[in-house]
Amino acid sequence: MIRAGGCVAVPTETVYGLAADATDSHAVAGIYAAKGRPSFNPLIVHVPDLAAAERIAVFDSAARDLARRFWPGPLTLVLPVRPEAGISSLVTAGLDTIALRVPDHRAMQALLDAAGLPLAAPSANASGSISPTRAEHVAKSLGGRIPLVIDDGPTPAGIESTIVRGREVLRPGPLSAADLFAGKLDAVPRPSHANGKVTAPGQLESHYAPAKPLRLDAAERRAGEWLIGFGALGGDDNLSPGGDLVQAAANLFDALHRADASPTPAIAVVPIPGRGIGAAINDRLRRAAHPRG
Ligand code: TXA
Ligand code: MG
């Protein structure tokens with residue numbers, strides 16, 4: 001299906017992606033059409049290894065160092081694109097940079113190997129809705145609009161990759177700034193629209209939004225709310241009864257899907273600590289609570 005220019009949903013270690021040949025504009029247009037995604041929002045390209053990535057983008061020594069330490073894994077690097085690599089300009093949305101990553105998942109790696117092509121893959125959900133961490137989530141969001149979902153169970157990390165450009169974290173994710181730049185104190189995560197300049201266009205969009213209102217830092221359940229708990233603060237659901245933030249990240253989107261499907265008209269979430277991957281969890285929750293902000 002990929003070689004014929006189609007889209008296939010496939011799990012990665014972060015979330016399910018909707019993959020297509022990154023060198024074929026018609027195939028990439030199929031991703032945008034299935035998601036209903038604004039075409040100015042560039043896509044992440046997945047490759048099997050660093051050598052394949054270096055054929056598509058220009059690495060400096062700092063980028064190569066990060067790639068060697070964290071690939072395969074949930075790290076996306078934004079780098080100058082090589083025009084001769086033949087990546088569709090629909091993938092980069094006309095930017096002279098490209099977002100690249102080497103996924104750490106057997107299904108996505110097998111698909112990359114079988115296709116022999118770089119694969120553009122945004123999260124496999126309708127634009128603006130909650131990211132999918134299970135094949136059922138994809139089927140619910142995009143069923144009927146895509147021909148195939150490769151089901152390899154729930155995704156282990158559960159939150160989209162950390163996006164880095166130079167020393168700047170453009171999107172928090174499973175790897176924290178401390179993981180990436182330990183000891184390098186000038187590297188701090190900051191919003192991608194700092195100083196009014198857009199560096200990750202997708203970050204300004206409404207994302208991860210459930211269909212219901214979502215209240216954060218809830219001390220208790222109010223009438224009409226489905227409460228998502230964490231640690232000792234229980235609820236209708238609990239992201240991690242033992243207070244493990246990595247487990248909470250893996251469960252986050254599934255919990256939001258369950259809350260959306262519940263009969264209650266609103267959702268509340270207890271406070272989630274901001275350390276480590278908690279920063280990425282809180283980033284996604286803030287976007288879900290303020291989908292138009
Ligand atoms: O974990 C992930 O990263 C998942 C899985 C499927 O790999 N993919 C994913 O892709 O989250 P997507 O398309 O939903 O998110 C792409 C993000 C957007 O925020 C987009 O604006 C940003 O990457 N992006 C892409 N190319 C960029 C570029 N050249 N410069 C800055 N940001 C870029
Ligand atoms: Mg997405």
Side-chain angles (χ1 to χ4, degrees), residues 7-19 31 34-35 37 43-44 46 72-76 101 103-111 119 121-143 145-146 148-163 171-175 202 206-212 214 226 228-230 235-242 244-262 267 269 272 276-289 291:
C7 299
V8 170
V10 56
T12 76
E13 77 277 38
T14 59
V15 299
Y16 275 69
L18 185 58
I31 296 177
K35 282 182 64 83
R37 181 169 186 158
L43 305 178
I44 294 174
H46 300 69
L75 169 67
T76 295
R101 82 181 192 96
D104 185 14
H105 194 286
R106 63 181 183 180
M108 181 52 129
Q109 280 288 351
L111 187 62
L119 297 179
S123 52
N125 54 280
S127 190
S129 61
I130 305 164
S131 291
T133 57
R134 294 170 181 268
E136 307 88 278
H137 299 159
V138 181
K140 207 171 154 193
S141 192
L142 297 179
R145 294 205 248 165
I146 57 171
L148 178 69
V149 183
I150 299 173
D151 183 355
D152 196 16
T155 60
I159 275 191
E160 299 88 342
S161 61
T162 304
I163 303 181
R171 177 176 73 181
L175 293 167
S206 72
H207 263 160
Y208 318 110
K212 300 172 181 178
L214 173 65
W226 173 275
I228 299 175
F230 174 79
D236 299 287
D237 211 338
N238 195 319
L239 295 176
S240 172
D244 176 349
L245 286 167
V246 172
Q247 183 185 31
N251 288 333
L252 177 66
F253 289 136
D254 194 37
L256 289 174
H257 279 278
R258 274 198 295 273
D260 234 4
S262 79
I267 308 168
V269 187
I272 310 293
I277 197 173
I281 295 173
N282 282 299
D283 170 75
R284 302 311 190 270
L285 284 172
R286 275 193 299 275
R287 290 169 196 282

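Remember, predicted model here, so these are calculated numbers, not experimental data.
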(message) According to side chain to side chain contact (heavy atoms under 4.5 Å, CB included), who are the partners of A280, at least two apart in sequence or on a separate chain?
(response) I159, P172, I277, R284

(message) Between N251 and L239 (side chain of the first, backbone of the second, donor and acceptor by atom type, cut-off under 3.5 Å), is there such a pair?
(response) yes

(message) Under 3.5 Å, is there a donor on one side chain and an acceptor on the other for R101 and T14?
(response) yes

(request) Report the residue from V269, L252, I281, L245 that forms a side-chain contact (heavy atoms from CB on, under 4.5 Å) with F230. (result) L245

(message) Which heavy atom of P210 sits nearest to which heavy atom of I267, and what is that distance?
(response) CB-CD1, 4.0 Å

(message) The criterion is side chain to side chain contact (heavy atoms under 4.5 Å, CB included); which residues satisfy it with T155, sequence neighbours excluded?
(response) P11, Y16, T133

(request) Have a look at V138 and tell me which of N125, D151, I146 forms a side-chain contact (heavy atoms from CB on, under 4.5 Å) with it. (result) I146

(request) Examine distances only and state if a side-chain atom of K212 and a backbone atom of A261 form a donor-acceptor pair shorter than 3.5 Å. (result) no

(request) With the side chain counted from C-beta on, respond yes when Q109 and D104 share a heavy-atom pair under 4.5 Å apart, and no when they do not. (result) no

(message) To the nearest 0.5 Å, what is the distance between CD1 on I130 and NE2 on H257?
(response) 5.0 Å

(request) State whether the side chain of K35 and the backbone N or O of S123 hold a donor-acceptor pair below 3.5 Å, judged by distance alone. (result) yes

(message) Less than 4.5 Å apart, side chain to side chain, heavy atoms only: is that true for P103 and P72?
(response) no

(message) I need the minimum non-hydrogen distance between A19 and V10, along with the two atoms involved.
(response) CB-CG1, 4.0 Å

(message) Looking at E13 and P156, would you say the former's side chain and the latter's main chain have a donor-acceptor pair under 3.5 Å?
(response) no

(message) The criterion is side-chain hydrogen bond (donor to acceptor under 3.5 Å, both in side chains); which residues satisfy it with S161, sequence neighbours excluded?
(response) T76, R171

(request) Output all residues satisfying side-chain hydrogen bond (donor to acceptor under 3.5 Å, both in side chains) with Q247, sequence neighbours left out; order by chain, then residue number. (result) S240

(request) Could you tell me which non-hydrogen atom of F253 sits nearest to which non-hydrogen atom of G158, and how far apart they are? (result) CD1-O, 3.1 Å

(request) For L18 and A34, work out which heavy atoms get closest and say how close. (result) CD2-CB, 3.9 Å

(request) If a pair satisfies salt bridge (Lys or Arg N to Asp or Glu O under 4.0 Å) and one of its residues is in residues 246-260, list it, with sequence neighbours excluded. (result) R134-D254, D237-R258, D254-R258

(message) Please find the pair of heavy atoms, one from A259 and one from I228, that lie closest to each other, and give the distance.
(response) CB-CD1, 4.2 Å

(request) Using side-chain hydrogen bond (donor to acceptor under 3.5 Å, both in side chains) as the criterion, list what pairs up with D152, not counting sequence neighbours. (result) R106

(request) Please examine the side chains of P174 and T162, heavy atoms only from C-beta on, and report whether any two atoms are closer than 4.5 Å. (result) yes

(message) Side chains of V8 and V149, heavy atoms from C-beta outward: is any pair under 4.5 Å?
(response) no

(message) Using 0.5 Å steps for rounding, measure from the CG atom of L214 to the CG atom of L256.
(response) 6.5 Å

